[in-house]
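These notes concern the structure reproduced below.
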Amino acid sequence: MKNPVPQAASLLLEKLMLLIHIRPLPAGSGGETPPPAPGYYDTSCFKRGDLLEVPRTLFIHFGIYLGENRVAHLMPDILPSITGDRRQIQQVVTNKRLILGVIARTASVRVDTVEDFAYGGSILVNHMDRLFENQVLGSEEAARRAEKLVGATAYSLLWNNCEHFVTYCRYGAPVSFQTDKFCETVKMIIRDQRSVLASVLVGLASIVCLGVAPSTTLPTIFIPFFLWMAG
């Protein structure tokens, strides 16, 4: 039986990386990976108000296209909480700013070029519309909502991330399917933990009520217990 505790820790770490959008650095490099040059993406197929998705290995990043190669997206960032200098804030967010933003629970809805937003990843357009039948707002309404929210905002790993931002703008309600999936997985892990503990208690009760269990059944009772305790 696999120990669910390391699985939970691994999943939590993956979700943390998912929502703080850390960009991998090349081997031997001490700086940030440079974004693609302007013109890397064909923006002629994007329309104002489109919902853009950039699938990654462990996460999906979301934004609202505003037109003229501009994307509004929510990113954790510590800088808006410590300075009002817009020139500094508008610079490409570094990993340190991202991590500190997650810790401080601060973020900003910022406007970047498509290149800075996607960072070399492939882009899906309005891929979530199929999940929100008859709830898609007008493209102009979605873009205006995004523009009104530009600036510093509170951040929550699970309750106010980039997916909540775009679903509010395009569909009228903040929803995160990534968060829902994560919570369901955590609930499943908790249930598994309780099942292990319950089986141990039942086994111990059987020993007390019926006498010492045969030696062949002892490992079945205690191995899950030791695995659970080892977590």
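Below, all heavy atoms of this structure are taken into account, side chains as well, without hydrogens, waters or symmetry copies.
Proximity of a side-chain donor or acceptor of Arg70 to a complementary backbone N or O of Val111 within less than 3.5 Å is not detected. Within the 3.5 Å criterion, the main-chain N or O of Asp77 finds a donor-acceptor partner in the side chain of Thr106. Ser108 contributes no side-chain N or O that, together with a main-chain N or O of Ala152, makes up a donor-acceptor pair within less than 3.5 Å. Put simply, the side chain of Arg97 gets close to the backbone of Ile89: a donor and an acceptor are under 3.5 Å apart. The main-chain N or O of Lys47 is found under 3.5 Å from a side-chain atom of Asp50 such that the two form a donor-acceptor pair. In terms of modelled atom types and a separation under 3.5 Å, the side chain of Asp112 and the main chain of Ala72 share no donor-acceptor contact. The main-chain N or O of Ala104 is never found under 3.5 Å from a side-chain atom of Tyr155 such that the two would form a donor-acceptor pair. Side-chain atoms of Thr113 come within 3.5 Å of backbone N or O of Asp116 as a donor-acceptor pair. Using modelled atom types, one side-chain atom of Arg130 and one backbone atom of His127 make a donor-acceptor pair closer than 3.5 Å.
When side chains are defined from C-beta on, Leu137 counts as touching Arg145, because their heavy atoms get closer than 4.5 Å. Using a 4.5 Å heavy-atom threshold, the side chains of Asn69 and Glu115 count as touching. Considering only heavy atoms from C-beta on, Val150 stays 4.5 Å or farther from Arg110 through its side chain. Using a 4.5 Å heavy-atom cutoff, the side chains of Phe46 and Leu52 are in contact. Met75 is not listed as a side-chain neighbour of Cys162, based on a closest heavy-atom distance of 4.5 Å or more. Put simply, the side chain of Tyr65 does not reach to within 4.5 Å of the side chain of Leu51, judged on heavy atoms. Side-chain contact check for Leu74 versus Asn160: some heavy-atom pair is nearer than 4.5 Å.
Nearest heavy-atom pair, Pro55 versus Ile60, reported as atom, atom and distance to 0.1 Å: CA-CG1, 4.2 Å. Heavy-atom minimum distance, Tyr41 versus Gly121: OH-O, 2.7 Å. Arg56 and Ala118 get closest at one heavy-atom pair: NH2-O, 2.6 Å. Ile64 and Ala142 make their closest contact through CG2-O, 4.2 Å (heavy atoms, listed as atom of the first residue, atom of the second, distance). Between Trp159 and His164, the closest heavy-atom pair is C-CE1, 3.4 Å. For the pair Leu66 and Arg48, the tightest heavy-atom approach, listed with the atom from each and the gap, is O-NH1, 2.9 Å.
Residues Phe165 and Leu131 share a hydrophobic cluster, clusters being chains of Ile/Leu/Val/Met/Phe/Trp/Tyr side chains in contact below 4.5 Å. Residues Ile99 and Leu79 fall into different hydrophobic clusters, defined by Ile, Leu, Val, Met, Phe, Trp and Tyr side chains chained together at heavy-atom separations under 4.5 Å. If you chain together hydrophobic residues whose side chains sit under 4.5 Å apart, Ile103 and Ile82 never meet in one group.
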- Item | Val109 and His73: CA distance, side-chain angles, deciding distance, side chain to side chain contact (heavy atoms under 4.5 Å, CB included) verdict | CA-CA 5 Å; Val109 176; His73 58 129; over 6 Å; no
- Assess whether side chain to side chain donor-acceptor pair (under 3.5 Å) is satisfied between Tyr171 and Asp129, documenting all intermediate values. CA-CA 8 Å; Tyr171 309 117; Asp129 284 4; 2.5 Å; yes
- Should Val114 and Tyr40 be marked as a side chain to side chain contact (heavy atoms under 4.5 Å, CB included) after you check the CA-CA gap, both sets of side-chain angles, and the distance that decides it? CA-CA 9 Å; Val114 172; Tyr40 181 86; over 6 Å; no
- Task: Could you check Phe117 against His61 for ring-ring contact (aromatic ring centres under 6.0 Å, His included), going step by step and ending with a plain yes or no?
- Result: CA-CA 9 Å; Phe117 161 74; His61 188 43; 5.2 Å; yes
- Task: Test side chain to side chain contact (heavy atoms under 4.5 Å, CB included) on Asn161 and Ser176 and set out the steps.
- Result: CA-CA 8 Å; Asn161 57 53; Ser176 175; 3.7 Å; yes
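A cation-pi contact, defined as under 6.0 Å to the ring centre and within 45° of the axis, is absent between Arg170 and Phe132.
Under 3.5 Å, the side chains of Thr83 and Asp85 contain no donor-acceptor pair of N or O atoms.
The CZ atom of Arg87 sits 12.5 Å away from the CD atom of Gln90 when rounded to the nearest 0.5 Å.
When Glu141, Glu140, Glu147 are each tested for a side-chain hydrogen bond (donor to acceptor under 3.5 Å, both in side chains) with Arg144, only one passes: Glu140.
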